[in-house]
Amino acid sequence: MMEVIICKYAGFCFGVERAMKLTMSTLENNTDAKISTFGPLIHNPQVVKMLETKGVTEIRSIDDASGTDILIMPSHGAPKDLFQKCRDKNIRITDATCPFVRDVQNKVKDFISKKLQVVIIGDAAHTEIKGVVSWADNDCIVIGSEEDIEKYDFSGKEVGIVSQTTNNEDYFEKLANAIVRRAKKAVVQNTICSATHNRQESAIALAKETECMVIIGGKNSANTKRLYQLCKEANPRSYHIETADELKREWFAGAKKAGLTAGASTPAWIISSIAEKIKNF
Ligand code: SF4
């Protein structure tokens with residue numbers, strides 16, 4: 001039987017746990033209400049499906065909110081103007097924005113009040129960053145790669161730099177330092193959340209000590225994709241899956257010890273079902 005070691009930090013993080021609790025209590029306390037989430041509550045398709053079975057619908061725009069009584073803002077945050085639009089339409093809000101994401105939003109607001117050019121190091125296409133951009137009144141630069149830095153002239157600029165909460169520390173430091181060297185003045189706020197930091201450190205350590213590494217989580221989950229990249233660098237036999245059906249026996253050929261980690265939106269029941277299946281390979 002294969003030995004399977006589950007990472008010390010794997011699965012639901014504080015922010016996701018909190019978003020799930022807020023959603024469940026909103027459901028319990030408002031049985032007659034039509035409840036929607038703005039986009040997926042968390043980046044895990046299996047959890048989103050489970051919420052659908054409880055009547056929770058997902059909307060992408062306030063224009064789709066007709067009939068909605070309560071709108072739940074997701075753990076990765078929502079655009080600033082959405083809150084007022086809900087109030088205008090008498091839609092109640094359950095705000096499940098993770099406090100770490102709220103902290104990034106507050107920091108960019110603070111930079112703006114200090115007349116600093118806001119710079120966000122992160123993925124412009126990710127919903128967390130789209131939200132943070134709106135909290136910076138759409139007046140900010142998003143840097144997603146070293147090449148992006150070359151597109152802007154930072155000389156003479158006074159900048160305030162924040163990070164997407166799920167970035168890797170080394171990556172953030174490298175890009176932030178490159179901007180600091182170019183700018184006239186820079187205030188750097190490392191807004192990577194502690195859950196991300198702990199997950200990445202423990203996953204890399206486990207990937208190094210095991211023969212194969214499986215990373216579980218939504219293919220749309222930024223923190224899971226980052227975990228996979230880091231594990232793959234530490235151990236080339238690393239594989240990213242969402243469900244047990246995707247496991248392939250040949251990945252574990254000749255291996256006696258496999259490691260398992262999971263992104264911050266992966267529920268415990270998915271982690272344990274996958275661990276069981278690997279043990280029996
Ligand atoms: S990964 Fe971090 S920022 Fe994102 S929900 Fe979890 S604790 Fe919050």
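Counting starts at 1 for both ligands and their atoms, in listed order.
Within a 6.0 Å radius of NZ in Lys219, more than 12 heavy atoms belonging to other residues, nucleotides or ligands are found.
Note that the CG atom of Asn223 and the CZ atom of Arg199 stand 7.5 Å from one another [nearest 0.5 Å].
Each protein N/O/S atom under 2.8 Å from atom 2 (Fe) of ligand 1 was counted, for a total of 1.
Each of Ile121, Val119, Ile129, Asp123 was scored for a side-chain contact (heavy atoms from CB on, under 4.5 Å) with Val142, with one residue passing: Ile129.
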Handout entry: Verdict with supporting geometry, Glu150 and Arg182, salt bridge (charged side-chain N to carboxylate O under 4.0 Å, His left out)
Key = CA-CA 10 Å; Glu150 305 306 331; Arg182 287 165 170 81; 2.9 Å; yes
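Scanning for side chain to side chain contact (heavy atoms under 4.5 Å, CB included) contacts around Glu3 gives Ile5, Lys257, with sequence neighbours left out.
Contact of the Phe252 side chain with the Leu247 side chain is registered, since non-hydrogen atoms from C-beta on lie closer than 4.5 Å.
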